[in-house]
Each structure stands twice: as structure tokens, then as C-alpha cells.
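Take a look at the structure below.
For reference, positions follow the sequence shown, starting with 1.
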Amino acid sequence: MIGIRSFWAALPTEGRWLLSTVAIQTLGRGLTLPFTIIYLHEVRGFDLGLSGALMGLIAISGFAATGPGGSLTDRYGARTMLLGGLVAMIVGNVVLAFATSPAVAAVALMLIGINFGVSWPAFNALIAAVVSGDLRQKYFGVNFALVNLGIGVGGIIGGLYVDVGEPSAFPAIFLADAASALIPMA
């Protein structure tokens, strides 16, 4: 059995860096994930059905980007594709923070979805490239736990911060989500 200290010590530097950024980046995602539909409907005034359809664009564009994203990861490398996905996430969140029309919100949400479709395969390929052997299985388990922790804590913080009576809080959380993606970019 391997303890957390020996697990951390056994990781290569790149593996430690990747794992260190997971909770921070997903904390940003947790800030916005539970509140995006509220933002679209209550703050931006979009019809609830339209807001739900817009939210679906994240999954649709992510699904559409996964296959090509995997091929491009094989061709250009995991690091390059991960950086490209993070740029799409940052731009999508910044655009969404200021979107006042459904068309602009749609573009922003599609960029966020493209990030997921490209970044998840690239991130997993990067992990496989820098962490080897039995350590890799443990890494993926810890990584998954940190993703859930980051989203959960981010959701709690977002829930304490946002209020439809104070609409300016919503763009702030989208900008914070964008900023959280700068950490793994470094």
C-alpha cells in the first residue's frame, strides 16, 4: 500500500504539476457549472427552454470535438491540444460573462464544449505520457477525486456568492472560471 506522501514523492515533476492544477481548474468550473442556466434565464432573460437548449450545446460540441481532438492529439501532441482547449475555455467563459444575446451565448458555450472534447483526451494522454506503471492507476484515481472535489467546492463557493438580485456576481464567476484555466496553461 502506498501513502499519499510516497505517492507524491514517486510522481515525476510533470505529474505533480498536472495533479496540482486539477483542483484549481475544476474549482473554477464548479463556480459556474450549477449556475449557468440560472444566469442565462434569470440574469440574461433568455426563455428557460432556450437556456436549456443553449446548455446542451456544451455536450453537443464536446461530443463533436472529441474524435477530431483525439486525432489532432496524436498528430500535434497532448500538450499542444490541451493548451488549445484551455484557450477555448478561457475565451468561452469571457464571452459568456458578457453575452447579452442567445447567439453570442451559443458561441461561448460551444467553445466551452470544444474545450471538454479536446482537453479530456489530451489531458489523459499527457498523464499517460508522464506517469508510468502502477503509479498511473493511482494517479487517475486521485485525479478523479480532485476533479469532483474542485467542482463540489466551487459549487459551494459559487452558491454562497451568486444572487440573481445582484446580477454582476454572475459575470464575475465566469471570469474567475476563465482565470482558473490560466494556472494549468502556465
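- Following chains of ILVMFWY side-chain contacts shorter than 4.5 Å, one can reach I38 starting from L57, so the two form part of one hydrophobic cluster.
- Contacts classified as salt bridge (charged side-chain N to carboxylate O under 4.0 Å, His left out) and involving residues 22-45 (residues at least two apart or in different chains) are given here: R29-D177.
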Only pairs under 3.5 Å count here: list side-chain donor-acceptor contacts from residues 148-167, not counting sequence neighbours, and write none if there are none.
unit_1: N148; atom_1: ND2; unit_2: F144; atom_2: O; d: 3.2
unit_1: D163; atom_1: OD1; unit_2: G165; atom_2: N; d: 2.9
unit_1: E166; atom_1: OE2; unit_2: S168; atom_2: OG; d: 2.9

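- Considering all non-hydrogen atoms of both residues, S180 and G28 come closest at OG-CA, 3.5 Å.
- The minimum heavy-atom distance between P68 and A64, with the atom names listed, is CD-O, 3.2 Å.
- Residues V131 and F140 have side chains not in contact (no heavy-atom distance under 4.5 Å, counting atoms from C-beta outward).
- Pairs engaging residues 60-73 under the side chain to side chain donor-acceptor pair (under 3.5 Å) rule: none recorded [sequence neighbours left out].
- Taking hydrophobic clusters as Ile, Leu, Val, Met, Phe, Trp and Tyr residues chained together by side-chain heavy-atom distances below 4.5 Å, Y76 does not share a cluster with V87.
- In the hydrophobic clustering of ILVMFWY residues, with side-chain heavy atoms under 4.5 Å counting as a link, V91 and F170 come out together.
- For the atom pair OG1 (T36) and CG (L96), the distance works out to 6.5 Å, reported to the nearest 0.5 Å.
- A single hydrophobic cluster is not seen to contain both W120 and I114; linkage of ILVMFWY side chains at heavy-atom distances under 4.5 Å, directly or through other members, places them apart.
- Proximity of a side-chain donor or acceptor of Y39 to a complementary backbone N or O of F174 within less than 3.5 Å is not detected.
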Residues 13-27, side-chain donor-acceptor partners within the protein, below 3.5 Å, at least two apart:
unit_1: R16; atom_1: NE; unit_2: W8; atom_2: O; d: 2.9
unit_1: R16; atom_1: NE; unit_2: L11; atom_2: O; d: 3.4
unit_1: R16; atom_1: NH2; unit_2: A9; atom_2: O; d: 3.3
unit_1: R16; atom_1: NH2; unit_2: L11; atom_2: O; d: 2.9
unit_1: S20; atom_1: OG; unit_2: R16; atom_2: O; d: 2.7
unit_1: T21; atom_1: OG1; unit_2: L18; atom_2: O; d: 2.9
unit_1: T26; atom_1: OG1; unit_2: V22; atom_2: O; d: 2.8
unit_1: T26; atom_1: OG1; unit_2: A23; atom_2: O; d: 3.4

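- In this structure, the side chains of L40 and L109 come closer than 4.5 Å at one or more pairs of heavy atoms.
- The distance from the CG atom of L86 to the CE atom of M89 is 8.0 Å, given to the nearest 0.5 Å.
- Contact check for L175 versus N93: no side-chain heavy atoms found under the 4.5 Å cut-off.
- In plain terms, the two heavy atoms of A125 and A78 that are nearest each other are CB-CB, 4.0 Å.
- A donor-acceptor pair under 3.5 Å links the side-chain atoms of R136 to the main chain of A128, judged by distance alone.
- Here the OG1-CZ distance, from T100 to F46, works out to 7.0 Å after rounding to the nearest 0.5 Å.
- Sorted by first and then second residue, the side chain to side chain donor-acceptor pair (under 3.5 Å) pairs with a member in residues 107-118 read N115-S119; sequence neighbours excluded.
- Under the 4.5 Å side-chain heavy-atom criterion for grouping Ile, Leu, Val, Met, Phe, Trp and Tyr, V118 is not connected to V107 through any hydrophobic cluster.
- Apart from I60 itself, the hydrophobic cluster it occupies contains nothing, where clustering links Ile, Leu, Val, Met, Phe, Trp and Tyr at side-chain heavy-atom distances under 4.5 Å.
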